[in-house]
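Both backbone and side-chain heavy atoms feed into the values below; hydrogens, waters and symmetry mates do not. By convention in this document, chain letters (A, B, ...) are assigned in the order of the sequence lines, proteins followed by strands, and residues within each chain are numbered from 1. The structure presented is a predicted model; accordingly, all values stated were derived computationally and were not measured.
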2 protein chains.
Amino acid sequence: MITTSHATNEIRDTGQARPMVELRVVALTFAHGVLFTFVANDSQNVHLPNTYPVEGESLNETAMRLLRANLGFSEQYMEQLYSLSHSGSGNWSILVSYLALVCTEGDLARLDQGEWVSASAVDRLSESDRMVVEYALFRLRTKLGYTTIAFHLMPPLFTLSELQNVFETILGRTLDKRNFRRRMATLGILAGSRQTRRDGSHRPARLYRFLPDHDPTDYLTPPWASVQPGE
Amino acid sequence: MITTSHATNEIRDTGQARPMVELRVVALTFAHGVLFTFVANDSQNVHLPNTYPVEGESLNETAMRLLRANLGFSEQYMEQLYSLSHSGSGNWSILVSYLALVCTEGDLARLDQGEWVSASAVDRLSESDRMVVEYALFRLRTKLGYTTIAFHLMPPLFTLSELQNVFETILGRTLDKRNFRRRMATLGILAGSRQTRRDGSHRPARLYRFLPDHDPTDYLTPPWASVQPGE
DNA sequence: GCAAAAGTGTTATTAGTACACCCATGC
DNA sequence: GCATGGGTGTACTAATAACACTTTTGC
């Protein structure tokens, strides 16, 4: 039945049912001081956005399309997380999970396909969905130390305090203001604009943007993540 | 046809053929100053060891079993790399790739299932196999900087020059001997044995082993990589 | 005694950490 | 004038990088 040109060695096709492949996306956004994750809901069920792969399309493209279908826009960071085997409710699937970071600028209005829920309160999700969300948060935390990943959660213009707030929320601890600002400055990826923002009864804050050419040198995503091999 | 309890939103099952899922393992070992990768061969075909997932078994377990079936032993490092969609020779598959590091102590004798070939000369492999090998090497190089991953390529007892040689080969550049040794010492994961090894007409080298309790704090593999969610 | 790899210290630079006060604004 | 968050500098410590000679052995 399975007839690739190079058959498997030792472990052969038993003729048993093959697993489905399912893509799931953990979309994270930052608002009101916490991280939110997007969940879809149909009738009573709350779950991560999911779909199936399509022949002739890379998994990345499919995941992108899935997110666009749920959130309605397409400018976001997307990274494959992990694949795992899952047997639930009689169905055997291989889950391929993705992490997406999106900037909502605090606008968490309920969407047609679902809603944003606090990423630390995901009790309504299935166990497998919760595992994927936990791993997404773990990965985000880990990569924060050696990549510029958190930038994808920021709007085009932001204050340094806002940026620090995002870091502190993800890491779960406070950071020293002066050291944080020095670190950001030495990274050389921020450009101060001439604009400021008044936010209350105190001194206005300078607004910054990210330099367009900050090559993230992505450590985890292979260079060919978005293409399909031709062979 | 596809009937999970929570159906996908927007992108629905079209009833078209579903992809197969295939696991592929890049097993790397260090010998004679270079990295080797294990390739299986049946009749005229040379390819990475591959197999199919099994219901009720985690993908990690399956990959481990696959490697054991090819190499005949089971004590090795294994890490999931990436999943990608691949349409070749009329078959559509989702490839789930793994990186394994094994210690052969220079014994690259041809095995029943295949042979070791230089990891930089993989011309006989298919394009998709070559992509996976390239990414495995990339990941190994990247993780070398912030993990203890290279230890899995070493035999139980080794000299510091041998260890440095492995690092230099993976990184593709030379390292300063004194700085390298200092770094290894401050990591605190090496124990010097009282034994030495004479290797030629020069001073014998002290032999070291890795401390058994060096927790690698794996940055990329989720904690639940080896289990299946119970739903 | 010479070839060949093992082994060892110091200095300069850089990155990280800890820590406290003045500034601009609204009310 | 006071409450609020914005903004800044210095000193200590740890990690990194550059660099050269002595030691032990076989022949």
- Task: Provide, to the nearest angstrom, the distance between the CE atom belonging to A/Met184 and the P atom belonging to C/dA15.
- Result: 14 Å
- Considering heavy-atom distances to DNA chain D, does B/Ser201 or A/Glu162 have its closest nucleotide positioned more toward the 5' end? A/Glu162
- Note on the structure: Rounded to whole Å, CG of B/Leu163 lies from P of C/dG7 at a distance of 12 Å
- Query: Under the side chain to side chain donor-acceptor pair (under 3.5 Å) criterion, do A/Asn41 and A/Arg110 qualify, and how do the steps go?
  - Reply: CA-CA 11 Å; A/Asn41 42 15; A/Arg110 211 182 171 297; 3.2 Å; yes
- Note on the structure: Taking D/dG7, D/dG26, C/dG9 as options, the one with an atom nearest any side-chain atom of A/Ala205 is D/dG7
- Message: From CG of A/Leu175 over to P of C/dA18, roughly how many Å is that when rounded to an integer?
- Response: 11 Å
- Task: Mind calculating the distance between OH (A/Tyr208) and C1' (D/dG6) to the nearest angstrom?
- Result: 10 Å
- Query: Looking across every strand, which nucleic acid part, if any, lies under 4.0 Å from B/Thr186 by heavy atom: base, sugar-phosphate, or nothing?
  - Reply: nothing
- Item | Nearest-angstrom distance from the residue atom CZ of A/Arg183 to C1' of C/dA18 | 14 Å
- Query: Rounded to the nearest Å, what distance is computed from the CG atom of residue B/Asn165 to the P atom of nucleotide C/dA5?
  - Reply: 12 Å
- Item | Separation of D/dT8 P from A/Gln164 CD (nearest whole Å) | 13 Å
- Ring geometry between B/Phe210 and B/Phe151 (parallel below 30°, tilted from 30 to 60°, perpendicular above 60°): parallel
- Item | Side-chain (A/Ser85) to main-chain (B/Leu59) donor-acceptor, under 3.5 angstrom | no
- Task: Nearest-nucleotide wise, let me know which of A/His202 and A/Arg206 is further upstream toward the 5' end of DNA chain D.
- Result: A/His202
- Query: Ignoring hydrogens and angles, does a donor from either the side chain of B/Asp199 or the base of C/dA5 sit under 3.5 Å from an acceptor on the other?
  - Reply: no
- Per nearest nucleotide of DNA chain C, the residue lying toward the 5' end, A/Arg182 or B/Thr196, is B/Thr196
- Query: Would you say the base of C/dT10 and the side-chain of B/Arg178 have a donor-acceptor pair closer than 3.5 Å?
  - Reply: no
- Message: What's the closest nucleotide to the side chain of B/Lys177 if the choices are C/dA6, D/dG7, D/dT25?
- Response: C/dA6
- Task: Please check the phosphate of D/dG6 (OP1 and OP2 only) for any side-chain N or O of A/Ser161 closer than 4.0 Å.
- Result: yes
- Query: Is B/Arg197 salt-bridged to B/Glu162, cutoff N-O under 4.0 Å?
  - Reply: yes
- Message: It should be established whether B/Arg181 places a side-chain nitrogen or oxygen under 4.0 Å from OP1 or OP2 of nucleotide C/dG7.
- Response: yes
- Taking 4.0 angstrom as the limit, do A/Arg141 and A/Glu168 come out as a salt bridge? no
- Between C/dA5, D/dG9, D/dG5, which nucleotide gets closest to the side-chain atoms of B/Arg203? C/dA5
- May I have the distance from B/Asp176 (atom CG) to D/dT16 (atom P), rounded to whole angstrom? 13 Å
